[in-house]
Amino acid sequence: MIVEELALPGLFLVRPEPHADERGFFARTHCEEEFAGHGLIGRFAQSSVSFNHRRGTVRGMHFSREPHAETKLVRCTSGAIHDAVVDLRPGSPTYLRTEQVTLSARNRHALYIPAGLAHGFQTLMDETEILYMIDRPFVAAAADGLRWNDPAFALSWPEPVTVIAPRDLAFPDWAGR
Ligand SMILES: Cc1cn([C@H]2C[C@H](O)[C@@H](COP(=O)(O)OP(=O)(O)O[C@H]3O[C@@H](C)C(=O)[C@@H](O)[C@H]3O)O2)c(=O)[nH]c1=O
C-alpha cells in the first residue's frame with residue numbers, strides 16, 4: 001500500500017499496490033500494523049455500505065460531535081465518487097480548508113479521514129457503492145453536518161445534484177454556528 005498524507009494534516013490517501021499475475025491481482029487494502037506506522041488508527045469497530053441509485057447523488061457533509069467523532073476509511077467498490085472533506089478541527093493549521101479527491105472502483109483508492117473533518121460525496125455514476133470502515137459505534141445524537149453548498153466553503157461539485165436527503169439540504173449556514 002502507498003499511504004500518502006494530503007494537504008490537510010492527518011488526511012491520507014491509501015492506494016493498493018497490486019501483485020499481478022495471469023489470474024488478476026492481489027492487493028492489501030488496509031493493514032493495522034502499517035497504518036500504525038503512519039500514526040493512523042488501524043482497528044475499526046464497524047463497516048457500513050452506502051448504495052446510491054443515481055449519478056449526481058450527494059450525501060453529506062457529515063461529522064460527529066465529540067466525544068463520538070469518527071475516524072473513517074472510505075472506498076468506492078462500485079462506480080465512482082467525487083469525495084470531499086472540510087477541516088473542522090479548531091486550532092488546526094488548515095481549519096476550514098477543504099480537500100476533494102476521486103475514489104472509484106477502478107482506481108481502488110481509499111481516503112482515511114481523521115476525526116474532526118466533515119465528509120461528503122457526489123456519485124459520478126449510477127449504482128455507485130461506498131464501503132466505510134469506522135473506528136467506533138455510530139451515535140445518532142452526535143451526528144451533525146454542513147450543507148453541501150454552504151457559502152463558507154469553496155466546495156465544487158462536478159455534476160448537477162440529482163438526489164439529496166432533506167436533512168442534508170436543511171443544515172444551517174456554518175457562519176454563526
Ligand atoms: C451513518 C449511519 C446511519 N445509520 C442509520 C441512520 C439512518 O436511519 C440511516 C441513514 O443514515 P444517513 O441518512 O445519515 O446516511 P448517510 O447520509 O449515507 O450518512 C453517511 O454519509 C456520509 C457522507 C458519511 O461520511 C457517513 O459517515 C455517514 O454519515 O442509517 C446507522 O444506523 N449507522 C450509521 O453509521
Side-chain angles (χ1 to χ4, degrees), residues 6 8-14 29-30 35 40-89 92 94 96-105 108-150 152-174 177:
L6 301 179
L8 308 184
L11 177 72
F12 285 79
L13 194 67
V14 180
T29 55
H30 149 250
F35 274 33
L40 308 186
I41 292 168
R43 187 168 289 194
F44 297 92
Q46 53 135 322
S47 291
S48 293
V49 67
S50 163
F51 176 76
N52 304 274
H53 292 291
R54 289 191 59 194
R55 175 175 179 163
T57 300
V58 167
R59 294 188 190 235
M61 304 286 300
H62 295 165
F63 61 95
S64 298
R65 289 187 303 274
E66 292 293 358
H68 301 291
E70 299 169 344
T71 293
K72 306 171 189 175
L73 184 65
V74 180
R75 70 179 67 255
C76 180
T77 49
S78 183
I81 59 172
H82 175 80
D83 208 55
V85 295
V86 179
D87 188 350
L88 298 179
R89 298 168 294 188
S92 166
T94 54
L96 301 187
R97 275 189 34 205
T98 66
E99 180 76 90
Q100 309 193 62
V101 299
T102 300
L103 306 178
S104 67
R108 296 188 174 83
H109 295 174
L111 193 62
Y112 175 97
I113 305 169
L117 272 59
H119 168 249
F121 63 83
Q122 182 173 46
T123 58
L124 302 176
M125 299 172 70
D126 288 345
E127 303 196 339
T128 284
E129 192 164 295
I130 313 307
L131 180 66
Y132 295 95
M133 296 172 75
I134 302 178
D135 74 324
R136 63 195 59 216
F138 173 66
V139 177
D144 204 342
L146 308 173
R147 214 174 53 257
W148 68 286
N149 60 352
D150 190 315
F153 310 103
L155 290 168
S156 62
W157 301 96
E159 303 269 337
V161 177
T162 53
V163 186
I164 185 167
R167 173 174 174 263
D168 288 351
L169 282 176
F171 290 127
D173 279 354
W174 180 257
R177 286 172 72 179

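Note that these values count all heavy atoms, side chains included, but never hydrogens, waters or copies made by symmetry. Every number for a ligand or one of its atoms is a count from 1 in the order of the listing.
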- Query: Of all residues at least two apart in sequence or in a different chain, which pass the side chain to side chain contact (heavy atoms under 4.5 Å, CB included) check with Arg89?
  - Reply: Leu8, Pro9, Asp87, Ser92, Thr94, Pro114, Leu117
Quick one: table the atom pairs, ligand 1 N or O against protein N or O, below 3.5 Å, distance rounded to 0.1 Å.
unit_1: ligand 1; atom_1: 18 (O); unit_2: Arg59; atom_2: NH1; d: 2.8
unit_1: ligand 1; atom_1: 19 (O); unit_2: His62; atom_2: ND1; d: 3.3
unit_1: ligand 1; atom_1: 21 (O); unit_2: His62; atom_2: ND1; d: 2.9
unit_1: ligand 1; atom_1: 25 (O); unit_2: Lys72; atom_2: NZ; d: 2.8
unit_1: ligand 1; atom_1: 25 (O); unit_2: His119; atom_2: ND1; d: 2.6
unit_1: ligand 1; atom_1: 27 (O); unit_2: Lys72; atom_2: NZ; d: 2.8
unit_1: ligand 1; atom_1: 29 (O); unit_2: His62; atom_2: ND1; d: 2.8

- Describe, in one word, how the ring planes of Phe121 and His119 are oriented to each other, choosing from parallel (under 30°), tilted (30 to 60°) and perpendicular (over 60°). tilted
List the atom pairs, with distances to 0.1 Å, where a side-chain N or O of residues 138-145 and a protein N or O form a donor-acceptor pair under 3.5 Å, not counting sequence neighbours.
unit_1: Asp144; atom_1: OD1; unit_2: Arg177; atom_2: NH2; d: 3.1
unit_1: Asp144; atom_1: OD2; unit_2: Arg65; atom_2: NH1; d: 2.9
unit_1: Asp144; atom_1: OD2; unit_2: Arg177; atom_2: NH2; d: 3.4

- Message: I'd like to know if the side chain of Arg75 and the backbone of Leu131 have a donor-acceptor N/O pair within less than 3.5 Å.
- Response: no
- Could you list the residues that satisfy side chain to side chain contact (heavy atoms under 4.5 Å, CB included) with Leu6, not counting sequence neighbours? Glu4, Leu11, Leu13, Glu99, Val101, Leu111
- Message: For Asp135, is there an ion pair with Arg43 - N to carboxylate O distance below 4.0 angstrom?
- Response: no
